[in-house]
Protein chains: 4
Amino acid sequence: MPGIRARSPVRGFVIQGSNGEFPFLTSSERLEVVSRVRQAMPKDKLLVAGSGCESTQATVEMTVSMAQVGADVAMVLTPCYYRGRMSSAALIHHYTKVADLSPIPVVLYNVPANTGLDLPVDTVVTLSQHPNIIGIKDSGGDVTRIGLMIHKTRRQDFQVLAGSAGFLLASYAVGAVGGVCALANVLGAQVCQLERLCLTGQWEDAQKLQLRLIEPNTAVTRRFGIPGLKKAMDWLGYYGGPCRAPLQELSPEEEEELRLHFTNNGWL
Amino acid sequence: MPGIRARSPVRGFVIQGSNGEFPFLTSSERLEVVSRVRQAMPKDKLLVAGSGCESTQATVEMTVSMAQVGADVAMVLTPCYYRGRMSSAALIHHYTKVADLSPIPVVLYNVPANTGLDLPVDTVVTLSQHPNIIGIKDSGGDVTRIGLMIHKTRRQDFQVLAGSAGFLLASYAVGAVGGVCALANVLGAQVCQLERLCLTGQWEDAQKLQLRLIEPNTAVTRRFGIPGLKKAMDWLGYYGGPCRAPLQELSPEEEEELRLHFTNNGWL
Amino acid sequence: MPGIRARSPVRGFVIQGSNGEFPFLTSSERLEVVSRVRQAMPKDKLLVAGSGCESTQATVEMTVSMAQVGADVAMVLTPCYYRGRMSSAALIHHYTKVADLSPIPVVLYNVPANTGLDLPVDTVVTLSQHPNIIGIKDSGGDVTRIGLMIHKTRRQDFQVLAGSAGFLLASYAVGAVGGVCALANVLGAQVCQLERLCLTGQWEDAQKLQLRLIEPNTAVTRRFGIPGLKKAMDWLGYYGGPCRAPLQELSPEEEEELRLHFTNNGWL
Amino acid sequence: MPGIRARSPVRGFVIQGSNGEFPFLTSSERLEVVSRVRQAMPKDKLLVAGSGCESTQATVEMTVSMAQVGADVAMVLTPCYYRGRMSSAALIHHYTKVADLSPIPVVLYNVPANTGLDLPVDTVVTLSQHPNIIGIKDSGGDVTRIGLMIHKTRRQDFQVLAGSAGFLLASYAVGAVGGVCALANVLGAQVCQLERLCLTGQWEDAQKLQLRLIEPNTAVTRRFGIPGLKKAMDWLGYYGGPCRAPLQELSPEEEEELRLHFTNNGWL
C-alpha cells in the first residue's frame, strides 16, 4: 500500500493488482489488507481491490467480502489456468455472474504477461453493456487495441484505463480516461503530472515527461518485477520491503541496472 | 477421482493434477478430497496429491497437510503467475524448501500449456539431487527433453513420468518409468496395457495401441479439456459430472466431435 | 504501386514493404518494379524501396541495384530465417555492412508479425549512430518501445516511423516523425489528414479520426492481409488486382466482413 | 555437402534443407550445388533437394530445374513470410500445384523453429493422398503429432521422417520410416547405427545410443545452429567451413560449450 500518505494526487489506490502479490496471500490476508488500507487511507480516495480468483464462485465470494470490508470497486482478473477453455462464452459467463452479484462496480483486469490470455475486444464490448461493469484496466500495452476498445464502447460510459505508465500518454491520446500504474508507487507525483499534462492538452511537455518515464517503468515491471518495484520504493522514501518466496530479491548486478534506469532519466 | 474402483491395474491415483480442477477448490476442499480418496481407495495403491500453490509457504503448508490426511507423494506444480521472475534460482529455492519440509516425497510437475513456464532441464537436474525429490511429471510432450532429463539424471534414482498418454510409448522408449495420464480416467485398462507392452518389449503391439490412443487423448486434453474428459467419463461408465465455472460444458457440436475421436479409433 | 497518381499528399512511396509481395518477386522483377515506379511517379516524391534479403551480400547487391534504378532510400528488413542466431551482434554486422556499402540512406524495417523477430531496442540505438542509417519503420505496434527508441536516439537525427496506421496517432504523440502505412493505399487522404492533425496539435480531431481508422486498418493488415488490402483498393477506385499464389483471394464471407469494417466506420 | 564420401551408410543426401543455408544462395547457386553433388556422389544414393520458395510459381520452377540437374526428390518447405494467411486451403493449393507439376516426388518440409508455422496435421493428411507427395520431414519434435500423422496416413504409402536426431528413436517407436538429421553431418555412422538398432528391434541399445546423441544434436541445431554444425564438422574430419553473413562464427565461449556437449557424451 504505497502512497497511502497521498504524497501524490492520485484518485485512489489499487490493492492487489499483480504487484500486490495477491497470489501469495490467503483469502483472509487478502481481506485484511483491504480492510486495513480502508482505515488508513483518506476518506475521499477510491479503494479499488483486486478480487479475482480462478473459479467464478470464489470470485463472487471474494468480491462481496471485499465490498464488505470497504472496497469501492472490484478489479477482476481474467481466470487463466485453463486458458485453453477460456472462450469468449466462458469469460462472459464469468464476468456477468460476478457483476450480477457484486454490490460494487466491477473493472475488468487484463494482464497477458501474467495470465497468458488476452481478453478479446469483442468480449470486452459485450461486457461493457453490463450496468455493473464500468471499465477495464488493460496492461497489455497494445495501444491499437486500447483505441479500438474506446471506439467500440463509446456509447456506454465505459472507462478504459492504461495498465502501465509506459503507454499512459499514448492511451490518453486515443481517449483513455486514466491509468493504473505500478510506477505510481515510486514516481506518483510524476505520473499524476503526466496525466494532468495530457488532460490539459499540453502534449509537448507530456511527451518529454513520458519519455523519461519509460525506462524506470519497464525496470519496475517487465524487467525486474515486484522485487525491482520494492527496491525502488525503498530508494524513493517509501517502504518496499521483502517479497514472499518464490520471488527472490534482486542480485547486486540487477540492483545496479535498476538504479541506472532511474539515474539516467534524472529520477535519482 | 475416477477409477477408484480400480477397474484398471494402475499403480495409484493422482488427485488434483490439472484435471482435478484444483484451482477451483478452497484449501479445505483440497484436503477433504485427499482425505476421502484415501479412505475410499485400496490400501495398496499410491495416492499422489497435487499440493502446489503460488507461494512457497502455502505450498509447504498444503504439502504437510496433505501428507497428514493420507497422501503418499506430493506432486508440486511450478509457481507461474510471476513467470517472468521464475528464474532457475527462484525455482530451485522454492522446490528445495518444499522438499526439505515435506514429510513425503516430492514429484515436480511441469505443464507448460497451463503455466506458460517450462521448468529448465538444468533446474530439474539440480533438483534431482535432493533426497526428497523423486521424480517429475512432464506434460510438455517434448520427447527430446524427456530423453535429456533421463540421460542427465541417470545417476540419481530419479523417475521421469510422461504427463500424457499421447507420448507414453515414446517416453518409455527413451527410458521413462511411468506415466500420469488424463486418458487413464476413461481408457485406464488400455493405458495400463500400453505400459505393459512397453515394459515387456512388445513394441509392435505397443505401437498399434499407442496410435489408437492419440486422438482420444488429445480430445480429452488439449482440444476439449476437462469438460471433454468428464463427458467421456460419463460415456465410459464412470461419473464425470459437471465442471465448476468458468469452465463451460461442451456444445453439442463439440460433443459430437469428441465422440468421433473415440468411435473412429474403436473405443466407443 | 497504388497512389501513384498522388491523390493524397504523401511524402513518397514505399515499394516492396511486406504488402508489395516482394518475397514472391524475382530479383529482376524487384528491380523492374522500382524502375517503373520511379518513371511513373512525380519527381518531387520520395521513393523508398524494400531491399532486404536473407544474406548480407544479397542485401548489399539489391540495395546498390535499387539505388541505380532510382530508389532514394533503402528499407531493409531484418533477416529472419535463422532467427535463433540473429543475435544483436549478427544484426549489427548485417546492417552496418549494408549501410557502409549503400549509396543511399538506409531505413531499418522491423515487422515481427512476418519475421518472428523483434529488433532489440539497444541494437536500434547502436545502429542509429551509423551516418547512413537514418531511421526505422517499426510495424510491431508496441508504442512503449517506439517511445523508448525515440528517447534513446534523440541525440541522433534518427527518424522513427510508425509502421501501421493503427497506432499512428499514438506514435506521433510520443514523438514519431511519420508513418509508413498499408492503409494509405486505400485511405491515403485520411491517413495524411491524421498526420496533419497530429503535427498541428489538433489532438481531439486527430483522436476522432484515428479511432475510425483502426478497424479498416486491422482488416487490411493483420486480419485479411494482402488479399484484403487489394480488395479494398478495388472498392476505393484503385487497382488492387490479384495476389500471387500461395496467397488466396478472400472468400465471400471474408469479403463481407472486410466491407463491414469500412462501412461501419463511414468509409464505404 | 558433408558425408559425400559416404563414410556412413546413409540412404542419400539432403541438399538445401535449413542447414544448407539455401536462403543465402541465389537461384543459380542453388541449382549448381545440386548439380555438383549429383556428380560427386555415389550413383546408388538418393539426392533429395530442398526446392521451396515463397511463391508457388518460383517453387514449381525451382523444383523442375532441380529435377533437371539431378535431384531424385524435392523437399518443399512451407511458405512462411505471410504465415497469417497460410491457411490450410492456401497450403493445399501450393503443394498440390507443386506436386502436379514436379517431375520428381515431393516431400513436405515442416520446420516451425525457422518458419513460425506448423503444417496442420489435417492438411498433411489431405496432401498425403496426392500421388506425387510421398512423405514429410517434420522437424518440430512433437512425437504425438508424428504418431498422429502416421496413424492417419497409414492407408497411403506415406513416409513420415523425423527431422532431427533428438527424437529419432521416439519417431521410429511410433512408426516413422526414417530420418533427415543434421547430426548425420558429424555423427553419421552413429545416426545410422541408431536407425539399425530401431529397425531390428534392439530397443535397449538404441535407447543408450539415443540418449548420448541428444546433447550434441541440440548443440548443432537449436543451440548453436549452422555455425555450431560447421565447427563440429571441422573437428570430426569433415569440411565445415565458414558461414555466410549475417550468420556469425561461434565465440570462443560458445565453441567451448559446443565441445563439451560432444566430449561429455564420448564423441570427442
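We name chains A, B, ... by the order of the sequence lines, and we start the count at 1 in each one.
- Put simply, of C/Asn114, C/Thr56, C/Thr115, the one with the most heavy-atom pairs under 4.5 Å next to chain D is C/Asn114.
- For chain D, no part of C/Tyr95 is nearby; none of its heavy atoms comes within less than 4.5 Å.
- No donor-acceptor distance shorter than 3.5 angstrom exists from the side chain of C/Tyr82 to the backbone of D/Asn19, with no hydrogens or angles considered.
- Only the side chain of D/Glu254 has a heavy atom closer than 4.5 Å to any heavy atom of chain C.
- When heavy atoms are compared at a cutoff of 4.5 Å, D/Ala58 does not approach chain C at all.
- When D/Lys97, D/Met86, D/Gln57 are compared by the number of non-hydrogen pairs under 4.5 Å with chain C, D/Met86 comes out ahead.
- Contacts between C/Thr59 and chain D at a heavy-atom distance below 4.5 Å are absent for every atom of the residue.
- Of the atoms belonging to D/Arg223, it is backbone heavy atoms, and not side-chain ones, that fall under 4.5 Å from chain C.
- At a 4.5 Å heavy-atom cutoff, the contact between C/Pro23 and chain D is made by backbone and side-chain atoms alike.
- By the 4.5 Å heavy-atom criterion applied to side chains, C/His93 and D/Gln248 are counted as neighbours.
- Inter-residue side-chain proximity for D/Glu54 and C/Leu247 is flagged as unmet; no heavy-atom pair is nearer than 4.5 Å.
- Pairing each heavy atom of D/Pro79 with each of C/Pro246, the nearest pair is CG-CG, 3.8 Å.
- Across all their heavy atoms, C/Arg85 and D/Pro227 have their closest contact at NE-CG, 4.0 Å.
- Taking 4.5 Å as the limit, every side-chain heavy atom of D/Tyr81 sits out of range of all side-chain heavy atoms of C/Phe24.
- Top candidate by heavy-atom pairs under 4.5 Å with chain C, chosen from D/Arg83, D/Arg244, D/His94, is D/Arg83.
- For D/Leu77, the part lying near chain C is the side chain, with the backbone staying farther off; criterion is any non-hydrogen pair under 4.5 Å.
- Neither the backbone nor the side chain of D/Thr26 comes within contact range of chain C; no heavy atoms are under 4.5 Å apart.
- Residue-environment remark: CZ (C/Arg222) stays at or below the threshold of 12 foreign heavy atoms within 6.0 Å.
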